[in-house]
Novice: 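Before I ask anything, here is the structure I am working with.
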Amino acid sequence: PVVKYLADYKAPTHKIETVDLEFHLDDTQTQVFSKMKITPVNGNTLELNGEELKLKSVKVNGEEFSNYKEENEILTLTGLPSEAFTLEIHNEINPKANTALDGLYKSGGMFCSQNEPEGFRRITYFIDRPDNLSVFTTKIIADKKDYPFLLSNGNLIESGDLEDGKHFAVWNDPFAKPAYLYALVAGDLAVIEDTFKTKSGRDVKLQVFVDKGNEEKSHHAMESLKKSMKWDEKRFRLEYDLDIYMIVAVDSFNMGAMENKGLNIFNSAYVLASKETAEDRNFFGIESVVGHEYFHNWTGNRVTCRDWFQLTLKEGLTVFRDQEFSADLNSRSVCRINDVRNLKAAQFPEDAGPQSHPIQPKSYIEMNNFYTMTIYEKGAEVIRMYHTLLGEEGFQRGMDKYFELYDGQAVTTADFTHAMSVANDNYDFSQFRRWYDQAGTPVLDITTKYDEAAKEFTLTVNQSTPATPGQPTKEPFHMPFLLGLLDSAGNDMTLALKNRDDQNDLDRGLLHIKADTETFVFANVNERPVASLNRNFSAPVVLRSDLTDEDFVFLMANDNDDFNRYEAGQALALKNIHAMLKDENHQVDELFIKAWGSILNDNNIDEEFKAVCLSLPSMIDVAATIDIPNYRAIHEAKDKLFKLLANTYKLELASIYNDLSTERPFKVDAKAMGERKLRGFVLACLSTVEEHKELARECFKYATNMTDMMNSLSVMVNENLPGCQESLKEFYDKFKDQTLVMQKWLSVQASSCDDTTFDKVQELMKDEVFDMNVPNLVSALIGSFARNKVQFNHESGRGMKFIAEMIRKVDAINPQSASRLAGAFNDYRKMPADLKEIAKAELTAIVESDKTSKNVYEKLSKTLN
Ligand code: B3K
Ligand code: ZN
């Protein structure tokens, strides 16, 4: 397979100014006519991308043209005019055979498209790269009965009936855009409508298209859209630019959603929700993904990427924007905690394993493999660091500058940095730029010293970043480090640095860490302080410090930074779990048990914050610091600790559970969702207590919403509690026709650590609700099993052999879906010898097979290296 390098970037030789497309839709023989106005920039040879296309004819300036050859998915035309010319191409595609779900394909009865990053070349021959911006006009012709709705980007300019029961629609998008933002949908759908008045007084028509019968489940998405539009005007001063905004929900989709200009296409999981069928996390996820795609209209569409190495330019920034949107609308502290939990659970391991890459990668084989946690979530952390360094005002000045300089262009991350800098007195980001180029999670080792006589407190910070593939050594990063020093009453002391002149950010507790080792000496510190380090997780690092257990307990109770209250609890829990793993007779620290209890009994903190603070670190958090983790042992240690806490506080837990079980109206707001979350957490605790084993079944029986239902079902499945089998059966009977709900049912069963799970999964694959062609279902059943650390790493090797077999099977259908499964082997280097040998044999066979897609090849060959 061919490797593409950032260093090889060359500007395009031609520009496609406008393209008029005409589609004659057909399941297996869709005809595509494309008429392009092209301006030569450099030379008279033009290379167009094209994959799985049947070429029918080529015309230049209206004349038949034969000076071309088609090779390696490139159509090369030579001897072209050196002045502007028109190029007409007719080709045929087969949407029904397109199980890769890239380009134009069928999902259920509808036609839909997915073109990012390189899907458009599977529709017609084109300069399929993001730095070619064209104005698109689309005529769609299709059967009127089967496809009453014909949609594309921009404004509808014409429509009408044709012979033989056909009809047509013509759409024009006035904004020049790259082909990856192009979209086409045709189907027999239901639609809900609304309007939004922009701040300058324009009315925008809003439409959400769903399968018929799902109208009632699409209101939350519509509300989320209106909130997003309003928020972007208020916080970023950005107004929507077309007269219509459409969202279409489809069941077969490779990821969450896609920001096509004016015509977003969404995985139905991020559109449909009702209290009976969706959990609170789904409601939250819909709000955040609807926001994310909407925010792309400016960060991604109006200003786009020069090439795919710049992906984080739009994704890191847009994730930061959607995180801020969620934080402004919900609980800011809980949002931050959850974002960081997610980062640690998925991005840190990615950055510590074989797929590790900087947020701006230097090479790739298959771009679809680079829609990663690193590009997205670490990318968002990097944007957040600009925000921390510059403050909200300075950051917004930088954003204004960014649009002033680059609106309508395809740019680089360096351009973004430039805008942030010139808008802020030429702020020096030169060292900061290393965040774009160096992979790996930096580690901060911190030691503290209090000198009572001198009233000085010294903080020594040592930074280091582990080697990652292709990057054996690293230069130090510039990171913003937020800190507080607490006095014994829990108040923040006034900070004064003795040994440095960079005092100016001290009033917001901001220190700049730049060198490998930094020493900060604080003066006038009248008592030994407790240091609250890296508040709000201002730098995305692994922190190791000499804080004592007593310090952590103090921070849990007193820190003025909610994130660090949470983090202190995690640190203590982690210490205990590690000690239990070393010595199975380890007595859990009384201090920790007490501190956990005080959070439980604290009436001044809200329910959701309480639930996250009481949660134990994830299995991945525990495994992160172990060379060869034994997941079964980690699971057992966590379990033991959880049971101990639950049994110690069973009376308090039962009383909280009762308080939260009184009738209350169902609402989707932070307060109500927080209450359900805490109730679910408390239920999980109580279910480990002998006298409450029946509680989960009770809760399930009387549940009136999906959150309570899934909370109780997953407890029953994980703990093998009475009523589990009946509940699974009742659930199935009630929801078997609703694929999104069945995805939950499959996932909860495939996620159980119990040894019966393996056979269960084999059985579920035969169930009629399962379909290997639908990525959501593959992820719910096979993906959940692949992420089930205990069962994937089963001593016998059966778990990983099964996943290897599934990678091969799914790869033949959908390489992107298979490539995601392949991520299960990222732990390869940390496997015990016998399992590693099994994995090696399986992966080598896949890598060496010529049937393997480049998606899977790239992932697994890196894994084996
Ligand atoms: N930009 C799309 C992701 C496309 C993924 C292609 N494999 C969704 C998003 O980030 O908003
Ligand atoms: Zn995005």
Side-chain angles (χ1 to χ4, degrees), residues 3 311-312 340-379 381-382 435 437-443 464-474 540-542 617-631 634 779 783 785-793 799-800 803-804 807 816 818-833 835-844 846-847 854-865:
V3 185
L311 182 60
T312 201
V340 175
R341 262 185 103 91
N342 184 26
L343 185 81
K344 288 191 182 179
Q347 196 278 327
F348 279 20
E350 178 173 274
D351 225 352
Q355 316 299 336
S356 172
H357 54 278
I359 65 167
Q360 181 157 299
K362 306 202 180 318
S363 69
Y364 62 79
I365 292 176
E366 169 53 58
M367 187 54 208
N368 275 308
N369 281 337
F370 285 82
Y371 289 76
T372 58
M373 289 299 293
T374 297
I375 307 282
Y376 277 65
E377 315 300 322
K378 185 177 182 180
E381 292 301 318
V382 172
W435 284 105
D437 297 320
Q438 298 188 137
T441 307
V443 178
S464 60
T465 303
T468 51
Q471 296 187 332
T473 59
K474 318 270 174 166
V541 298
V542 170
S618 73
M619 220 176 323
I620 294 172
D621 285 339
V622 181
T625 51
I626 305 176
D627 289 338
I628 305 204
N630 176 341
Y631 287 103
I634 296 175
S779 166
F785 185 84
R787 291 184 291 269
N788 181 338
K789 295 284 185 190
V790 174
Q791 288 308 317
F792 175 79
N793 293 292
M800 51 184 69
I803 292 303
I807 292 171
Q816 287 185 53
S819 178
R820 260 195 296 270
L821 289 179
F825 285 96
N826 282 347
D827 269 356
Y828 176 67
R829 274 179 278 184
K830 296 179 83 177
M831 286 174 187
L835 283 180
K836 196 167 175 182
E837 205 160 309
I838 294 171
K840 184 173 184 177
E842 294 289 338
L843 301 190
T844 309
I846 299 178
V847 166
K854 55 181 183 167
N855 309 52
V856 170
Y857 172 86
E858 179 174 39
K859 276 249 178 98
L860 294 185
S861 57
K862 283 179 181 169
T863 305
L864 283 171
N865 248 323

Novice: I would like to know whether Met619 and Val790 meet side chain to side chain contact (heavy atoms under 4.5 Å, CB included); could you show each step before the answer?
Specialist: CA-CA 10 Å; Met619 220 176 323; Val790 174; 4.2 Å; yes
Novice: Evaluate the side-chain proximity of Pro540 to Trp435: yes if any heavy-atom separation is below 4.5 Å, no if none is.
Specialist: yes
Novice: Is there a side-chain contact between Pro349 and Asn826 (heavy atoms, below 4.5 Å)?
Specialist: no
Novice: Are Ile359 and Val382 close enough, and set up right, to give a side chain to side chain contact (heavy atoms under 4.5 Å, CB included), and what steps lead you there?
Specialist: CA-CA 9 Å; Ile359 65 167; Val382 172; 3.8 Å; yes
Novice: So which heavy atom on Lys378 is nearest to which on Gln347, and how close?
Specialist: CD-NE2, 3.5 Å
Novice: Evaluate the criterion side chain to side chain contact (heavy atoms under 4.5 Å, CB included) for residue pair Met800 and Tyr828; output intermediate values, then yes/no.
Specialist: CA-CA 11 Å; Met800 51 184 69; Tyr828 176 67; over 6 Å; no
Novice: Indicate the atoms forming the closest heavy-atom contact of Gln816 with Asn368, along with that distance.
Specialist: NE2-ND2, 3.4 Å
Novice: Is the shortest heavy-atom distance from the side chain of Thr465 to the side chain of Gln471 under 4.5 Å?
Specialist: no
Novice: Would you list the pairs meeting salt bridge (charged side-chain N to carboxylate O under 4.0 Å, His left out) in which at least one residue belongs to residues 341-350, sequence neighbours left out?
Specialist: Lys344-Glu567
Novice: Is Lys840 atom NZ crowded by more than 12 heavy atoms from other residues, nucleotides or ligands, each under 6.0 Å away?
Specialist: no
Novice: Using distance alone, with no hydrogens and no angle criterion, decide if Gln355 and Thr863 have a side-chain donor and acceptor under 3.5 Å apart.
Specialist: yes
Novice: Between Ile375 and Pro361, is any pair of side-chain heavy atoms under 4.5 Å apart?
Specialist: yes
Novice: Ignoring hydrogens and geometry, is there a side-chain-to-backbone donor-acceptor pair from Lys859 to Ser819 under 3.5 Å?
Specialist: yes
Novice: Mind checking whether Phe825 and Ile803 have side chains closer than 4.5 Å, heavy atoms only?
Specialist: yes
Novice: Start with the C-alpha gap between Thr625 and Val542, add the side-chain angles, then the distance that decides, and say whether side chain to side chain contact (heavy atoms under 4.5 Å, CB included) holds.
Specialist: CA-CA 10 Å; Thr625 51; Val542 170; over 6 Å; no
Novice: Taking only residues two or more places apart in sequence or in another chain, which ones pass salt bridge (Lys or Arg N to Asp or Glu O under 4.0 Å) with Lys836?
Specialist: none
Novice: side-chain hydrogen bond (donor to acceptor under 3.5 Å, both in side chains) for Lys474 and Thr468? Distances and angles first, verdict last.
Specialist: CA-CA 9 Å; Lys474 318 270 174 166; Thr468 51; 2.5 Å; yes
Novice: From Lys862 NZ over to Tyr857 OH, what is the distance, rounded to the nearest 0.5 angstrom?
Specialist: 10.5 Å
Novice: Could you grab the distance from atom CD1 of Ile634 to atom CD1 of Ile626, nearest 0.5 Å is fine?
Specialist: 4.0 Å
Novice: At their closest point, which heavy atom of His357 faces which heavy atom of Thr374, and how far apart are they?
Specialist: O-CG2, 3.2 Å
Novice: For Tyr371, which residues count as a side chain to side chain donor-acceptor pair (under 3.5 Å) partner, sequence neighbours excluded?
Specialist: Glu116
Novice: Looking only at non-hydrogen atoms, find the nearest pair between Gly379 and Thr312 and report the distance.
Specialist: CA-OG1, 3.4 Å
Novice: Is there a side-chain contact between Asp827 and Lys789, using heavy atoms and a 4.5 Å cut-off?
Specialist: yes
Novice: What are the two closest non-hydrogen atoms of Leu835 and Asn793, and how far apart are they?
Specialist: CD1-O, 3.4 Å
Novice: Please report the interatomic distance OH(Tyr631) to CE(Met831), rounded to the nearest 0.5 Å.
Specialist: 8.5 Å
Novice: Is there a side-chain contact between Asn342 and Met373 (heavy atoms, below 4.5 Å)?
Specialist: yes
Novice: What are the two closest heavy atoms between Pro629 and Ala623, and how far apart are they?
Specialist: CB-CB, 3.8 Å
Novice: Which label fits Tyr364 and Phe370: parallel for a plane angle under 30°, tilted from 30 to 60°, or perpendicular past 60°?
Specialist: tilted
Novice: Look up atom CG in Leu864 and atom CD in Glu842, then write down how far apart they are to the nearest 0.5 Å.
Specialist: 11.5 Å
